[in-house]
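The block underneath contains the structure these notes are about, expressed in structure tokens.
Keep in mind that the numbers below use all heavy atoms, side chains included, and drop hydrogens, waters and symmetry copies.
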Amino acid sequence: MPIYNFSAGPAVLPQPVIAQIQAALPSFQNSGMSILEISHRSDLFEQVINDAEQDLRDLMAIPDNYRVLFFQGGGTLQFTAAPLNLATNHHHIGLLDSGHWAQRAGDEAQRVDTKVTVLGSSAATHYDRLPTIEQPLDPTLDYVHLTTNNTIEGTMTTDLPATGDIPLVADMSSNFLGESYRVSDFGLIFAGAQKNLGPAGLTLVIIREDLIGHAQQLPSMLDYQLFADKHSMFNTPPVFAIYAAGLVLKWLKQQDGLAAMTARNHAKAALLYDFLDQSQLFTNPVKASDRSTMNVPFVTGNAELDAAVIAGASQHGLLNLKGHRSVGGMRASLYNAMPLTGVQALVDYLAAFEAQHH
């Protein structure tokens, strides 16, 4: 029986990448050393990190005036790093409140004495849609924070808000490399790797050069200028996580790049949404135009029945469908490495469950 992992993260990895990792564990590139033990100062790793950056630049068409930085600490650390590095003029940022992770970003900014103005929120409708900017932008905003994909609520931004000369900062953790964006529309993009890019432990930062270097006396591990100067090797970087991400980037190139992957992701999501929309048992609460292609929440309206769906799915090799603890129900995460056959297997199971219970 095939196993399909619908976890929201750490999430499914491409099988060819796992096979490559397995082969490199005893001896990386015939060095006699495992990929788990090579030095970050070695020529072997220098090639790994350089290739990873170049492949990312190729895939996302990153302009030359943007720097690529490899961090640890997850997207959550960037909730602190972004205001410390960028909100240096007025110590004031704007926030689009699209749910849990946007709120967390605002909370962390306030912890470092940054004023947070909520520009729009969809809290009143339980985040079943994306917020819009509901007021004129204050010229004292140092940047506007946007969560491009909301893993818990199941919403995704494709039409970016107009912020004029105010930089747009995007937490792109859960649809990074799964949806196509133009890098030059953002001042800063950051993303934890553990959704579409690799194992947990690595965070990518893509930042426009003119936004770097305005902060004073930052902790070293939060300083974008220092990491840019040191080529992300101020301290020991997450060697294995960068190696694995590099393999995923090469796999993405083999899949014909981001436009092709985006189209596949939209087709996978449409298959599941089409079923949910005609179902008499399952519902998806999200406004159709704002639905995520990465994370699809759905419910029966009965907690006991939801639990039965999840238990039965596990017996059919459909794993990690339990919704986030804050909202319950089910959630299917359809990241890049989830094949169409996995989504079809889920739809077939849900249809059979509905036939038995409705």
Checklist entry - Would you call the rings of His357 and Phe353 parallel, tilted or perpendicular, where under 30° means parallel and over 60° means perpendicular? => result parallel

Next on the checklist: Just to verify, which of Asn265, Leu13, Asn295, Asn175 counts as forming a side chain to side chain contact (heavy atoms under 4.5 Å, CB included) with Tyr335?
Outcome noted: Asn295

Item to check | Side-chain H-bond candidate by donor/acceptor type, His214 with Thr88, under 3.5 Å | outcome: no

Checklist entry - So with a 6.0 Å cut-off around CD of Glu304, is the heavy-atom count from everything else above 12? => result no

Checklist entry - Using 30° and 60° as the class limits, which term best fits the ring planes of Phe28 and Tyr243: parallel, tilted or perpendicular? => result perpendicular

Next on the checklist: For the NE2 atom on His126, are there more than 12 heavy atoms of other groups (residues, nucleotides or ligands in this structure) within a distance under 6.0 Å?
Outcome noted: no

Checklist entry - Pick one: which of Ser173, Ser174, Ser98 meets side-chain hydrogen bond (donor to acceptor under 3.5 Å, both in side chains) with Asn149? => result Ser174

Checklist entry - Relative to each other, are the rings of His100 and His324 parallel, tilted or perpendicular (30° and 60° limits)? => result tilted

Checklist entry - Step by step, would you call Thr293 with His266 a side-chain hydrogen bond (donor to acceptor under 3.5 Å, both in side chains)? => result CA-CA 6 Å; Thr293 58; His266 282 251; 4.7 Å; no

Checklist entry - Taking NZ, NE, NH1 and NH2 as the nitrogens, is one of them in Asp277 or Arg291 under 4.0 Å from a carboxylate oxygen of the other? => result yes

Item to check | Aromatic ring pairing Phe186/Tyr181, orientation class (parallel under 30°, perpendicular over 60°, tilted between) | outcome: perpendicular

Next on the checklist: Minimum heavy-atom separation for Ile93 and Ala109, please, with both atom names.
Outcome noted: CD1-CB, 3.8 Å

Checklist entry - Does the side chain to side chain contact (heavy atoms under 4.5 Å, CB included) test come out yes or no for Leu177 and Asn336, once each step is laid out? => result CA-CA 8 Å; Leu177 299 172; Asn336 289 346; 4.2 Å; yes

Checklist entry - Just by distance, with hydrogens left out, do Tyr127 and Asp97 show a side-chain donor and acceptor under 3.5 Å apart? => result yes

Checklist entry - Do Gln47 and Asp51 get their side chains close enough for a donor-acceptor pair, meaning under 3.5 Å? => result yes

Checklist entry - Are the side chains of Tyr349 and Glu354 in touch, meaning some heavy atoms are under 4.5 Å apart? => result no

Next on the checklist: Whether Asp107 and Arg104 form a salt bridge (side-chain N of Lys/Arg under 4.0 Å from carboxylate O of Asp/Glu) is what I want to check.
Outcome noted: no

Checklist entry - If you count the non-hydrogen atoms of other residues, nucleotides and ligands that lie under 6.0 Å from CG in Asp210, is the total more than 12? => result yes

